[in-house]
Amino acid sequence: QEAAAKPNVVILATGGTIAGAGASAANSATYTAAKVGIDQLIAGVPELSQLANVRGEQVMQIASESITNDNLLQLGRRVAELADSKDVDGIVITHGTDTLEETAYFLNLVEKTDKPIIVVGSMRPGTAMSADGMLNLYNAVAVAGSKEARGKGVLVTMNDEIQSGRDVSKMMNIKTEAFKSPWGPLGMVVEGKSYWFRLPAKRHTMDSEFDIKNIKSLPNVGIAYSYGNVDDTAYKALAQNGAKAIIHVGTGNGSVSSRVVPTLQELRKDGVQIIRSSHVNNGGFVLRNAEQPDDKYDWVVAHDLNPQKARILAMVALTKTQDSKELQRMFWEY
Ligand SMILES: NC(=O)CC[C@H](N)C(=O)O
């Protein structure tokens, strides 16, 4: 009787440190990612069976810095199939932390479901002392199986916090307290119970105009970093390589060096979308026509999206429109 009441949660494994293994328990930072299979991961946390009927699928086994657009589409399609299945209540994706925020945001944009989708990783491999993967996975399954998590968009459970997949970013690469959102976590998950404090305000999942089922491929969008003494080499190279949009990783308010502005104006005339973002450390906040006349140049601003998230939205948006005003609307709404 009790078993029937438990939610059905599928864990899709993609690799990362949560599936990593090191030579000794002292190796918290030196290890190989993407080693341990999903069945072994699940077997390592027997308490999962108290939360849900859990089954796993190995979708890929890679370190997340090597994830491609094709990998994203493959994962997104599998998530959509499972979300459509009546006997699935929630989905967990185990993932390397380096690009976890990109995958979480991508799924948040394209999955047409209100079922919980939780992306989770770890900062230490399971072989290390004080490994964080077991608890993060336990918390992910708890949230994925909960009714309260429905309709809240794709979520990330790391370090006891429930973060919005849209906002969250890896801010630190060695502490278990690695993932932060400039706007704060949505809630906490403690001993398998979730506590909610706020809701995402941006469009996502059910309320999104994007649908993985209609996306055949993702366009080439490149990212170019700005700094003192920067020149236009990277921007030109990205355009020559066929970029449909370039995310400008600006200083401060997405500012653009006077040595780069003429090139970006030219690239825009050639049809490349120019999207201004910022590399300030605690979260950028780029405003239109501040620093640069975006209306005049027909550029777009990424607003609070960091450059890697701006690339994700630009790719998804460009599957629907080539119009810069539409693109800007999407950057305000998502
Ligand atoms: N903590 C991690 O998961 C990092 C491991 C690896 N670089 C990855 O992103 O998959």
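Whatever order the structure lists ligands and atoms in, that order sets their numbers, starting from 1.
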Cationic tip of Lys152 above Trp196 ring, under 6.0 Å, 45° of axis: yes

Single hit among Glu101, Lys170, Glu102 for side chain to side chain donor-acceptor pair (under 3.5 Å) with Gln308: Glu101

Any side-chain heavy atom of Gln292 within less than 4.5 Å of one from Val256?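 In contact.
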
Side chain to side chain, Val92 and Leu12, heavy atoms closer than 4.5 Å: no

Centroid separation Tyr334 to Tyr105 less than 6.0 Å: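 Ring-ring flag for Tyr334/Tyr105: false, centres at least 6.0 Å apart.
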
Return the closest protein heavy atom for [atom] as residue, atom name and distance.
atom	value
atom 6 (C) of ligand 1	Glu65 OE1, 3.3 Å
atom 1 (N) of ligand 1	Thr97 OG1, 2.6 Å
atom 4 (C) of ligand 1	Thr17 OG1, 3.1 Å
atom 10 (O) of ligand 1	Ser64 N, 2.7 Å

[X] neighbourhood, listing ligand 1 atoms whose heavy-atom distance to it stays under 4.0 Å:
X	answer
Ala63	10 (O)
Gly16	10 (O)
Ser122	1 (N), 2 (C), 3 (O)

Any salt bridge linking Glu291 with Arg276? Criterion: basic side-chain nitrogen under 4.0 Å from a carboxylate oxygen.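 Salt bridge absent between Glu291 and Arg276.
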
Just wondering, are more than 12 heavy atoms of other shown residues or ligands nearer than 6.0 Å to CD in Glu266? no

Compute the shortest N/O to N/O distance between Thr99 and ligand 1 and return yes if it is under 3.5 Å, no if not.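 There is no such contact.
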
Have a look at ligand 1 and work out which part of Ala34, if any, has a heavy atom under 4.0 Å from it: side chain, backbone, both or neither. neither

